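Everything below concerns the one structure shown next.
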There are 6 protein chains.
Amino acid sequence: MFTHTKRLQFEAKPEQPDPVFARKLQELIGGAWGEMTVTMQYLFQGWNCRIEGKYKDLIMDIATEEIGHVEMLATMVARLLEGAPATETTRAVQDPVMAAVIGGMDPQQAIVGGGGATLSDSQGVPWNGRYIVASGNLLADFRANVAAEAQGRLQTARLYNMTDDPGVKDMLKFNLARDTYHQNLWLAAIEELKADGVEGTVAPNALLDEEHTEHATSLWNLSEGDESTQGRWAHGTAPDGSHQMGIIPEPRPLGGPADAPAPDPKLFATYDGSKGSPRDPRLTGVKGMVGKLKEGFSD
Amino acid sequence: MFTHTKRLQFEAKPEQPDPVFARKLQELIGGAWGEMTVTMQYLFQGWNCRIEGKYKDLIMDIATEEIGHVEMLATMVARLLEGAPATETTRAVQDPVMAAVIGGMDPQQAIVGGGGATLSDSQGVPWNGRYIVASGNLLADFRANVAAEAQGRLQTARLYNMTDDPGVKDMLKFNLARDTYHQNLWLAAIEELKADGVEGTVAPNALLDEEHTEHATSLWNLSEGDESTQGRWAHGTAPDGSHQMGIIPEPRPLGGPADAPAPDPKLFATYDGSKGSPRDPRLTGVKGMVGKLKEGFSD
Amino acid sequence: MFTHTKRLQFEAKPEQPDPVFARKLQELIGGAWGEMTVTMQYLFQGWNCRIEGKYKDLIMDIATEEIGHVEMLATMVARLLEGAPATETTRAVQDPVMAAVIGGMDPQQAIVGGGGATLSDSQGVPWNGRYIVASGNLLADFRANVAAEAQGRLQTARLYNMTDDPGVKDMLKFNLARDTYHQNLWLAAIEELKADGVEGTVAPNALLDEEHTEHATSLWNLSEGDESTQGRWAHGTAPDGSHQMGIIPEPRPLGGPADAPAPDPKLFATYDGSKGSPRDPRLTGVKGMVGKLKEGFSD
Amino acid sequence: MFTHTKRLQFEAKPEQPDPVFARKLQELIGGAWGEMTVTMQYLFQGWNCRIEGKYKDLIMDIATEEIGHVEMLATMVARLLEGAPATETTRAVQDPVMAAVIGGMDPQQAIVGGGGATLSDSQGVPWNGRYIVASGNLLADFRANVAAEAQGRLQTARLYNMTDDPGVKDMLKFNLARDTYHQNLWLAAIEELKADGVEGTVAPNALLDEEHTEHATSLWNLSEGDESTQGRWAHGTAPDGSHQMGIIPEPRPLGGPADAPAPDPKLFATYDGSKGSPRDPRLTGVKGMVGKLKEGFSD
Amino acid sequence: MFTHTKRLQFEAKPEQPDPVFARKLQELIGGAWGEMTVTMQYLFQGWNCRIEGKYKDLIMDIATEEIGHVEMLATMVARLLEGAPATETTRAVQDPVMAAVIGGMDPQQAIVGGGGATLSDSQGVPWNGRYIVASGNLLADFRANVAAEAQGRLQTARLYNMTDDPGVKDMLKFNLARDTYHQNLWLAAIEELKADGVEGTVAPNALLDEEHTEHATSLWNLSEGDESTQGRWAHGTAPDGSHQMGIIPEPRPLGGPADAPAPDPKLFATYDGSKGSPRDPRLTGVKGMVGKLKEGFSD
Amino acid sequence: MFTHTKRLQFEAKPEQPDPVFARKLQELIGGAWGEMTVTMQYLFQGWNCRIEGKYKDLIMDIATEEIGHVEMLATMVARLLEGAPATETTRAVQDPVMAAVIGGMDPQQAIVGGGGATLSDSQGVPWNGRYIVASGNLLADFRANVAAEAQGRLQTARLYNMTDDPGVKDMLKFNLARDTYHQNLWLAAIEELKADGVEGTVAPNALLDEEHTEHATSLWNLSEGDESTQGRWAHGTAPDGSHQMGIIPEPRPLGGPADAPAPDPKLFATYDGSKGSPRDPRLTGVKGMVGKLKEGFSD
């Protein structure tokens with residue numbers, strides 16, 4: 001259960017309205033790497049965490065913090081839109097800079113949001129639930145969290161260079177700092193997972209004996225040129241400490257022809273009959289399996 | 001420019017058709033963390049790479065490999081659908097297991113694809129371009145790549161446990177191995193970025209002096225309980241080597257009230273007038289800026 | 001079955017082209033609350049209506065009217081784009097206002113639509129079928145209809161203030177009037193549902209005896225401050241005439257810990273074993289139920 | 001800013017796992033009318049509210065409550081999936097009911113979520129930000145809220161009839177009750193808006209003098225049959241108290257031909273020249289306006 | 001403007017309910033190639049048609065017909081769902097075939113639609129406006145129409161083989177026939193465009209002198225093997241009557257290196273400086289152009 | 001399996017950066033009819049092709065070529081963005097043309113892509129997998145390919161008229177030529193299908209005896225006016241050589257009332273009972289069928 005206080009986590013007051021920047025800031029609200037993504041990613045990771053204690057508590061701490069970040073940004077957008085020329089008619093756009101502002105605004109912030117933020121990115125595409133991941137595997141998810149905080153800080157840093165409003169910059173300095181901390185945090189949490197012995201270097205820490213080990217070590221040099229042989233990834237021991245790394249300079253396909261089987265005639269694929277009919281499923285396929293199952297039933 | 005050979009990178013032949021598994025395998029083709037995602041993520045990262053040489057060559061090697069992985073999976077799906085009971089009428093479903101198979105199939109693989117793979121995930125949602133990231137910042141992107149390979153290997157491992165067909169498992173053993181290598185590869189590439197001095201630990205490696213440093217160190221304990229104080233992220237030096245890590249046990253909001261400014265009356269927000277009118281934009285806002293600009297024009 | 005006349009329901013002739021407004025007008029065509037939404041919402045409500053007579057006839061009347069509204073708007077967009085500077089090269093944009101117009105135009109109206117409307121909103125996001133609802137429950141749906149007409153009139157009113165073209169305003173005055181009537185219409189239809197005794201105040205008019213009645217009356221005061229105690233919703237009889245309304249000033253969680261059960265080991269969630277194994281499904285879960293069913297078979 | 005307690009708002013413990021119901025329950029999490037929709041709709045309405053005091057506090061109370069509802073449902077899904085047959089191979093599906101369960105499960109809850117909820121609906125389509133509305137106009141938005149709570153209660157009631165697990169039903173009885181209260185609440189809030197004189201019956205409460213009043217009163221009888229003349233919406237005074245309601249039995253189009261103007265030849269529309277060239281924009285269109293503006297510049 | 005009659009264009013009465021088929025039929029309603037697509041594609045083509053007369057009248061005839069097809073299908077879905085086991089609890093699924101039916105049903109047809117059709121495809125993905133095209137170029141669009149009718153007839157034919165209900169088959173026989181006619185119709189309309197001299201063979205019938213003619217004739221043999229040299233496309237005169245067709249057996253790239261320019265340092269791309277700084281825009285880029293424009297202003 | 005060379009298929013060097021055109025060019029990368037669509041459409045058609053030899057080789061040749069086209073366009077976008085004013089603050093926009101440029105730019109190319117292309121269209125909507133079709137039926141698919149190349153060439157031609165940069169035009173002249181060839185190619189491939197006798201004129205070449213032939217010949221004149229009777233589609237022999245074409249001047253509905261059956265009371269549709277209860281499924285519906293099946297079991 002959650003509770004709410006009416007004060008912002010950090011101040012979000014622009015010195016001046018700036019409707020063009022209000023549009024750009026939507027990227028941090030509803031973009032694929034924005035604050036809504038980390039909010040929902042962490043909430044679902046917390047709800048799906050199968051190991052009680054410090055990890056789950058940590059995830060829920062940060063998830064709860066991020067809802068407040070969305071609040072800061074939504075408030076900032078509303079403030080940047082104060083007095084925006086949303087309802088100027090085209091005829092009124094006699095001032096060129098005003099015209100440019102109108103061209104660069106997000107029309108939905110006015111038409112749909114009445115001067116407030118929407119749950120969309122800077123191009124107006126709505127945020128959606130496929131942006132998040134909560135797999136239950138903490139190593140895989142913490143890596144996704146490091147990645148999200150890195151992209152988030154990068155976008156924040158770019159936006160920091162797109163304004164010179166002191167109030168906006170002050171808020172972004174806070175966001176940058178939190179993204180710095182969160183990157184360190186998730187990197188530290190990955191170290192902790194290893195120290196606790198619950199995860200290794202490769203996610204998931206499983207099936208390492210069953211996979212085709214001989215294919216777990218080499219770079220396939222499929223793009224011309226051999227510059228890629230010069231890197232760390234082509235030599236020595238892998239970061240997981242248990243594989244050697246190398247390169248296949250001239251890779252050849254290991255599989256057979258890439259062809260599809262004879263089609264079901266009732267699906268009307270174009271076909272010349274040269275592959276015969278689909279294998280009789282009574283013998284080899286699903287229906288055949290059913291036959292076996294029926295025998296099994298009599299046991 | 002690309003060229004194509006007609007043989008598969010690795011073999012993809014099931015012993016028996018299995019249309020229910022053919023649906024599940026769509027997750028590795030068109031899922032948010034499937035092979036199309038890494039294909040496109042790496043292609044766009046390569047095309048957007050601003051540092052020629054080993055990194056760009058590496059990215060293009062792996063990107064080109066991944067197109068071949070999609071090919072393997074699409075071929076496997078077509079083979080798993082051979083003789084599938086797609087065109088059985090409901091009345092024919094007298095065998096309960098056959099009925100269950102029909103229930104678990106992807107109807108579009110038959111109706112739309114004619115017995116072949118679609119570019120969708122296991123729930124039928126089409127793959128889309130927001131699943132990828134290519135930011136130009138290699139540290140941020142390589143972290144996203146590690147995360148993608150980890151989620152990809154995790155999903156492959158889960159699917160490995162959902163079949164006992166030796167041919168399917170053989171292909172998945174190859175995929176697992178490549179995902180193992182790719183995780184090691186991108187982790188090694190992150191080490192290389194640091195060794196080369198072009199990126200640090202925090203992405204982007206910038207604005208570290210301008211951000212609010214005092215907020216770059218502490219966990220805000222916003223979810224009840226203090227288990228999260230027990231972790232590596234709450235003590236000692238941060239992974240970046242330059243921050244101390246700590247915790248704020250009872251965090252308080254640092255900002256003021258979360259309120260929005262007076263609205264534009266022509267947008268018809270519900271309003272009682274208590275905040276007055278929007279700040280006169282001629283003085284403080286966009287139009288005011290325009291005024292200043294016009295003065296500037298006379299310079 | 002439908003038929004078509006070649007004249008518009010109402011005139012849609014702008015005095016002058018205005019390509020920036022043509023973009024904004026897309027919101028009324030393909031926006032979440034635009035005319036396509038009400039067209040499709042009413043069509044599917046009509047087709048899914050289970051009570052023949054006045055209600056179904058009403059829904060189909062309005063649905064059919066709305067297709068004509070999309071027609072008016074699409075025609076207006078094409079006319080607003082007449083002579084639009086879509087094919088001016090960048091070099092030609094020597095006139096600042098023209099440059100601003102190009103900045104504010106919808107590029108797809110030219111590149112994709114050849115100077116006509118698309119089925120997208122003012123940010124270019126395509127209209128989609130999840131915007132509509134047709135539940136078969138008329139009270140729930142008529143409320144959605146009132147809401148849609150209210151948002152539609154609100155957006156139309158905002159757009160009305162974004163143009164001073166007499167021809168455009170003339171069309172919007174018609175749209176505003178229809179939205180006024182439609183709001184009244186659906187409100188009247190809700191009254192009629194009650195008068196006819198087929199629906200109550202709460203939708204669905206069912207399970208009122210089974211729900212936890214003690215939780216059907218109180219506001220949970222989860223956001224700090226008690227201003228919300230001052231409203232009509234915190235006192236007296238509820239609009240349905242059968243509940244008292246009140247407030248819980250300091251709400252406490254009524255449930256237990258928010259934890260997830262032991263995971264399936266084959267799904268590779270991070271886990272320390274402290275919750276044991278998943279409950280044996282042969283006893284308590286699905287497989288167990290199967291066992292019971294098999295016994296049932298012998299009856 | 002938000003804080004979190006680790007206990008659920010209400011209990012969410014099923015007596016037995018039920019993976020088929022776990023899929024259906026996704027509709028209440030990530031469906032267009034599910035709990036995520038009301039969470040986000042109310043949060044953005046609160047952040048975009050321009051009238052401080054009871055209304056804003058109310059909206060934030062309910063928004064904060066709804067985050068907790070998502071938490072209850074996500075926890076319930078994880079519990080319903082305990083021991084689910086996600087990793088059974090196809091060959092193992094010898095029991096027909098088990099096979100049916102596998103057919104009816106959401107494959108992504110296993111492959112992506114590792115046995116937990118996703119942010120999608122019961123068909124696997126991800127939740128997205130276009131499901132919400134926060135217009136700043138409280139009458140329009142409260143109507144959308146009534147509609148959302150009605151559809152939400154309707155779907156909950158349907159799901160209530162799809163299970164007989166006492167623990168699931170207990171939680172749903174709570175949800176039903178909250179939806180009952182929330183419908184009453186938003187209906188009461190609409191009454192309060194009118195009592196406070198800040199909104200009328202028609203949203204927005206504006207431009208009523210400018211709209212074409214003669215078109216604000218009548219039903220256009222565009223679907224054959226006259227059953228619709230029998231309803232409340234075709235007689236007497238409208239719910240807003242200021243319009244009379246009637247019907248146009250045989251409506252005729254009021255506009256002219258539905259034709260589009262001459263196209264820009266550089267956009268290559270098929271055209272026979274019969275409409276001449278596009279109107280010269282130097283005289284009547286945007287470029288002409290520019291000319292006027294340039295004159296204006298000399299002032 | 002449109003009007004509606006309450007009778008179906010063709011009968012849509014199943015002999016028996018069949019909820020599994022009701023799900024599959026959604027593909028013809030809300031699939032990318034379903035009836036909603038052709039409805040909307042033709043409506044927008046008609047509204048965007050710039051040549052009055054027979055073509056526009058034709059498009060509007062078919063568009064109006066297609067709305068009635070959606071009506072038939074939506075009605076059929078509701079009838080196929082009559083008495084469907086939507087509200088059976090899991091425990092009740094003691095009959096294996098019933099269990100299979102439940103597994104194969106569309107849960108949203110019950111939970112959201114109350115036993116009626118939704119505006120989604122057979123996998124539950126909502127129909128969206130990007131499925132349609134209305135470019136204003138009739139040759140390009142009529143080809144898209146032929147393609148849509150062909151895919152539509154193909155899917156209808158597949159569905160025809162998935163049922164043996166005489167009533168369903170009767171309706172599908174009508175749909176098949178209309179799709180046959182519509183394919184012939186659009187093919188004939190393409191012939192007519194050529195006969196009328198308003199379009200050629202290649203769309204658009206323009207810029208044929210400006211394009212690089214030497215690249216308009218040859219197949220690039222980029223996939224290994226030379227089977228593709230055996231086809232009609234590699235020999236003789238092209239269908240447009242004005243090009244010769246051939247093949248480049250061993251194609252070589254004609255462009256230079258695929259590299260990106262020096263990045264803007266404020267966007268924090270990873271960069272070693274080896275490409276220098278971005279070209280000075282005052283001289284060569286946008287800002288430079290501005291400079292030229294300013295000079296132009298003084299003219 | 002694929003391999004990559006580091007040189008572009010054709011040169012893609014603009015004379016000058018042009019960030020506004022860089023946005024428009026996104027339509028050819030990630031638009032519904034852009035190069036990613038044909039890339040993926042042809043790849044999946046090739047993988048799903050059931051007839052080995054010239055057709056499959058052809059499809060894979062063109063598919064592989066198209067990946068290289070995406071590469072050319074992505075490279076061009078990066079070059080057009082060199083030195084773009086992405087990180088200018090609003091205050092710096094004192095130059096009106098620069099302001100207009102900022103208004104017309106794609107903000108995500110800077111914020112997300114760091115100055116590179118994204119996988120979205122010119123309105124920022126991400127490319128998705130529903131844009132493609134690969135049905136296995138080559139006639140249906142080749143028609144879709146002709147349509148795709150026609151729309152692609154049309155959009156390229158429009159973009160060609162939106163720039164006067166010689167380097168950009170040079171690349172587009174190549175694209176135009178390839179689109180010309182590809183249209184001819186797929187038209188020739190359709191001729192070849194017929195010459196080979198594997199497909200006819202109507203797709204699929206099946207069920208022509210079972211469909212209602214009497215409905216396969218006539219235009220339903222549902223939009224007022226009889227101009228459509230003047231066309232080729234209303235007279236003589238159809239393009240398939242086997243149907244006569246005609247018109248129904250005043251079409252009447254052939255079906256009965258468009259009503260839905262009695263609803264399941266547990267789904268809470270609004271209902272007055274006048275249709276009775278749903279047909280007893282034990283006799284006529286699914287459950288009844290189950291009964292029959294059980295009898296069948298005893299055989």
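Quick note on labels: first sequence line is chain A, next is B, and so on, each numbered from 1. From a predicted model like this one, the values you see are computed outputs, not experimental measurements.
Contact count against chain A (heavy-atom pairs under 4.5 Å) is highest for B:S223 among B:A234, B:S223, B:G116. For the set A:G68, A:A148, A:A12, A:G231, the count of heavy-atom pairs under 4.5 angstrom toward chain B peaks at A:G231. Counting heavy-atom pairs closer than 4.5 Å to chain A, the top-ranked of the candidates B:L172, B:D141, B:I111 is B:D141. The greatest number of non-hydrogen atom pairs below 4.5 Å with chain A, out of B:G256, B:G114, B:A238, B:A144, is found for B:G256. Ranked by heavy-atom pairs under 4.5 Å with chain B, the first of A:G46, A:A258, A:A86, A:A78 is A:A258. Per-residue heavy-atom pair counts under 4.5 Å with chain B were compared for A:A189, A:A150, A:S218, A:A206, and the maximum is reached by A:S218. Ranked by non-hydrogen atom pairs under 4.5 Å with chain A, the options B:V133, B:L187, B:D226 are led by B:V133. Of the listed residues (A:E11, A:M171, A:K13, A:E192), the one with the most heavy-atom contacts under 4.5 Å to chain B is A:E192. Between chain A and the options B:L176, B:T64, B:V202, the largest number of non-hydrogen pairs under 4.5 Å is found for B:V202. Comparing A:E224, A:E210, A:K56, A:H243 by how many heavy-atom pairs each has under 4.5 Å with chain B, the most go to A:E210. Among the candidates B:L185, B:T213, B:I59, B:I62, the residue making the largest number of heavy-atom pairs closer than 4.5 Å to chain A is B:L185.
Looking at B:F142, neither its backbone nor its side chain comes within 4.5 Å of chain A, counting heavy atoms on both sides. Interface residue A:D264: only side-chain heavy atoms are found under 4.5 Å from chain B. At a 4.5 Å heavy-atom cutoff, the contact between B:T75 and chain A is made by side-chain atoms alone. At a 4.5 Å heavy-atom cutoff, B:E52 makes no contact with chain A through either its backbone or its side chain. Only the side chain of A:Q183 comes within contact range of chain B, with at least one heavy atom under 4.5 Å from a heavy atom of that chain. Contact annotation for A:L208: both backbone and side-chain heavy atoms come within less than 4.5 Å of a heavy atom of chain B. With a 4.5 angstrom heavy-atom cutoff, A:A32 touches chain B only via side-chain atoms. Only the side chain of A:T5 comes within less than 4.5 Å of a heavy atom of chain B; its backbone N, CA, C and O stay farther away. In this structure, chain B has heavy atoms under 4.5 Å from both the backbone and the side chain of A:P239. Using a 4.5 Å cut-off between heavy atoms, A:Q230 contacts chain B through both its backbone and its side chain. Neither the backbone nor the side chain of A:E214 comes within less than 4.5 Å of any heavy atom in chain B. There is no contact between A:D179 and chain B, counting heavy-atom distances below 4.5 Å. For chain B, the nearby part of A:E71 is the side chain; its heavy atoms alone come within less than 4.5 Å. Contact of A:K6 with chain B is made through the backbone alone, with heavy-atom distances under 4.5 Å. For chain B, the nearby part of A:W33 is the side chain; its heavy atoms alone come within less than 4.5 Å. Heavy atoms closer than 4.5 Å to chain B are found nowhere in A:F2, neither backbone nor side chain.
Side chains of A:E82 and B:P278 form a contact here, defined as non-hydrogen atoms less than 4.5 Å apart. Looking only at side-chain heavy atoms (C-beta outward), B:W233 and A:N184 stay at 4.5 Å or farther from each other. Residues A:T229 and B:D57 are not in side-chain contact: their nearest non-hydrogen atoms beyond the backbone lie 4.5 Å or more apart. Using a 4.5 Å heavy-atom cutoff, the side chains of B:R158 and A:S135 are in contact.
Residue B:L219 holds its CG atom at 6.0 Å from CG of A:L58, rounded to the nearest 0.5 Å.
Between B:R143 and A:E149 there is no salt bridge, since none of the side-chain N atoms of the basic residue sits less than 4.0 Å from a carboxylate O of the acidic one. Under the 4.0 Å criterion applied to side-chain N and carboxylate O atoms, B:D121 and A:R130 are assigned as salt-bridge partners. Salt-bridge annotation for B:D259 and A:R79: present, with a side-chain N of the basic residue lying under 4.0 Å from a carboxylate O of the acidic one. No salt bridge links B:R232 with A:D196; every basic N to acidic carboxylate O contact stays at or beyond 4.0 Å. Salt-bridge check for B:E211 with A:R153: passed, with a basic side-chain N closer than 4.0 Å to an acidic carboxylate O.
Relative ring orientation between A:H212 and B:F10 is described as tilted, the plane-to-plane angle lying within the 30° to 60° band.
The shortest non-hydrogen separation linking B:L207 to A:A157 is CD1-CB, 3.6 Å. Here the closest non-hydrogen pair linking A:L8 and B:P257 is CD1-O, 4.2 Å. Across every non-hydrogen atom of B:Y181 and A:H215, the tightest pair is CB-O, 4.4 Å. When every heavy atom of B:A147 is checked against every heavy atom of A:A147, the shortest pair comes out as CB-CB, 4.4 Å.
Under a 3.5 Å cut-off, the side chain of B:Q9 and the backbone N or O of A:L254 do not form any donor-acceptor pair. The backbone N or O of B:G255 sits less than 3.5 Å from a side-chain atom of A:R7, completing a donor-acceptor pair.
For the residue pair A:N137 and B:Q151, no side-chain donor N or O sits within less than 3.5 Å of a side-chain acceptor on the partner. A donor-acceptor pair shorter than 3.5 Å cannot be found between the side chains of B:Y55 and A:E227.
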Between B:W220 and A:D61, is a side chain to side chain contact (heavy atoms under 4.5 Å, CB included) present by the stated rule, with each step listed?
CA-CA 7 Å; B:W220 289 45; A:D61 281 340; over 6 Å; no
